[in-house]
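A quick write-up on the structure given underneath.
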Protein chains: 2
Amino acid sequence: MQTVRSDTRHHDLPAPCQNCAARHLGICGVLTADQLSELTKTTRHVRRPAGEELLADAMPIASYANVLAGVVKLSKVLEDGRQQLVGLQFAPDLLGRPFATQSRVSAEAASDVDLCIIPKPALENLLRESAALEHRLMMQALRELDEARDWMVTLGRKSAAEKVASFLYLIATHLGPSEGEPETTFDLPLSRADIGDFLGLTVETVSRQMSRLRVEGVIEIENFRHVTVPDLARLRLRCG
Amino acid sequence: MQTVRSDTRHHDLPAPCQNCAARHLGICGVLTADQLSELTKTTRHVRRPAGEELLADAMPIASYANVLAGVVKLSKVLEDGRQQLVGLQFAPDLLGRPFATQSRVSAEAASDVDLCIIPKPALENLLRESAALEHRLMMQALRELDEARDWMVTLGRKSAAEKVASFLYLIATHLGPSEGEPETTFDLPLSRADIGDFLGLTVETVSRQMSRLRVEGVIEIENFRHVTVPDLARLRLRCG
DNA sequence: CGCAGGATTGAATCCACTCAAGGTATGTGG
DNA sequence: CCACATACCTTGAGTGGATTCAATCCTGCG
């Protein structure tokens, strides 16, 4: 593959980056090959099983991580244990709040995830020299802000039925490989309990509403997790 | 006043900026006197009465604006009219989403507001040459993201009583002049209807919960809008 | 005054929650 | 292979908190 940008002088694209999801769409897409080579000396790939805690609320942050595959859920909990999901991160998002000394959310692997761990100083050094990188991070923050605000409408103003439909619609339009085309059949990345925490509902309510959508023919469910949406526009109508 | 930074060469600080809320805490704090002088040629101060629409959802953005005084509410509406507030902006926040061609929210003056209108091209030119400015905007976006996520917990997981207490607590801690010290007595910047749209509740429920806090001695209410919190810690306990 | 807009209060309804039971897949050890 | 355990999901019955609908009450203002 010689599609590497011509600012490479001595070295090619680092091996682990060759087929990386973050290379073009993620933050690494704005780095020169030199910067990337330098960064790669400090990064390492890891795989984390579903359910593992990646980042604890109020804990100091030691590193950032690129999400390469899988889904990460961000959540907040009240003292008495009530939990609310406040974000989902897909590849190639960067996990970890820039410029914060400690996390304000906890992060957990929703599915098995592949991460590219980047030590905090390494990323922050790079940030100091690359305005393009900072710009890229800002765009991610703005996108997350837009998503959070859409979600607030769902949390504050929609019925349980509309919430569940909205969630399914969100997943269908987010899981597509090209971000543009929605998937019509997919595995849910979250359990019913997680979906409840996402939507501000109980497990039972989520289950009931999914059953209702199923008997009404809006969705098909196989093996609890696998969902097919025969008519996306019909699902869209249920979103309020 | 000769506390102007020494990078001034021919001109002093532009007159309208002398006592401006945005000069030090807002985005103008990261500009040199020269940049500020240049920018000032294109900006203008305006006052907008409470209730006026400043920015419509899905409309093209012609300009940004610094909030100099007052409170701006950001909201989203569903097709059938249900409304949800998704943000509040105080001085010296910048109003308007950077790098977007059209707004994703509508903005309305919650109180009478003073704005410093900045034409879109003027700000974007400056952004191109000032990494510090972009950094400043990123910090605002990240702060708004943190706030949105806190709010999501309130919307999704708190009872009506806790929501209202949380709102009052938020206002008490946000209206302070120095951002650090909370105010113990203040005017609510929002009507009961707006508070309902903020919290995902109806007007009636907001009113009932405020009455309950009043009879229980957690707050005092004068003339509907003016609230006194004798014991902030006691209010904090009600936030869940 | 009398009106308008916002706020409060009351009564009845309904949606989502709680509590409880039962169902379905997966894995483990006898 | 079957029995059992476990985790997750579904379904049902009853309750309660927030909504809806309606009436009333302030307060400012022409």
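Sequence lines set the chain letters: A, B, ... in the order given, protein chains first and strands last, and positions in each chain run from 1. Only this structure's heavy atoms are used, side chains among them; waters, hydrogens and symmetry mates stay out. This structure is a prediction, so every number in the text was calculated from the model and none was measured.
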Query raised in the report: Given A/Asp197 and B/Arg157, is the salt bridge (charged side-chain N to carboxylate O under 4.0 Å, His left out) satisfied, shown in steps?
Result: CA-CA 8 Å; A/Asp197 285 341; B/Arg157 287 303 184 197; 2.9 Å; yes
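- Using a 4.0 Å heavy-atom cutoff across all strands shown, A/Ser191 reaches sugar-phosphate atoms only and no base atom.
- For B/Asp187 and C/dG6, the CG to P distance is 17 Å, given to the nearest whole Å.
- Whole-Å rounding puts the A/Arg192 CZ to D/dT11 P distance at 10 Å.
- Under a cut-off of 6.0 angstrom, the local environment of CZ in A/Arg143 is crowded, with over 12 non-hydrogen atoms contributed by other residues, nucleotides or ligands.
- Contacts of B/Arg212 with the nucleic acid, taken as non-hydrogen atoms under 4.0 Å apart, are absent.
- Remark: aromatic rings of B/Phe186 and B/His226 are distant, center separation not under 6.0 Å.
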Query - A/Ile117 vs A/Thr43, side chain to side chain contact (heavy atoms under 4.5 Å, CB included): CA-CA, chis, key distance, verdict - result: CA-CA 5 Å; A/Ile117 308 278; A/Thr43 61; over 6 Å; no
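- Using modelled atom types, one finds no donor on one side chain facing an acceptor on the other under 3.5 Å when comparing A/Ser106 with A/Lys76.
- Contacts of A/Arg225 with the nucleic acid, taken as non-hydrogen atoms under 4.0 Å apart, involve only primed sugar atoms and P, OP1 or OP2.
- We find that NZ of B/Lys163 is positioned 7 Å from P of D/dT19, with the value rounded to whole Å.
- In this entry the distance linking CG of B/Asp197 with C1' of D/dA18 reads 16 Å, nearest Å.
- One can place CD1 of B/Ile221 at 10 Å from C1' of C/dA7, the figure rounded to the nearest angstrom.
- Within the structure, every side-chain polar atom (N or O) of B/Asn223 is placed at least 4.0 Å from both OP1 and OP2 of D/dC26.
- Residue B/Leu199 contributes atom CG, which lies 10 Å from atom P of D/dT19 at whole-angstrom precision.
- Formation of a donor-acceptor pair under 3.5 Å by the A/Ser211 side chain with backbone atoms of A/Ser207 is found in this model.
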Requested in this report: Between protein and nucleotides 13-24 of chain C, map the contacts as a letter string: B base, S sugar-phosphate only, - none, heavy atoms under 4.0 Å, written 5' to 3'.
Outcome: ---SSBB-----
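- Between the side chain of A/Thr184 and the backbone N or O of A/Val229 there is at least one donor-acceptor pair closer than 3.5 Å.
- Residue A/Ser207 is in base contact, counting any heavy-atom pair closer than 4.0 Å across all strands shown.
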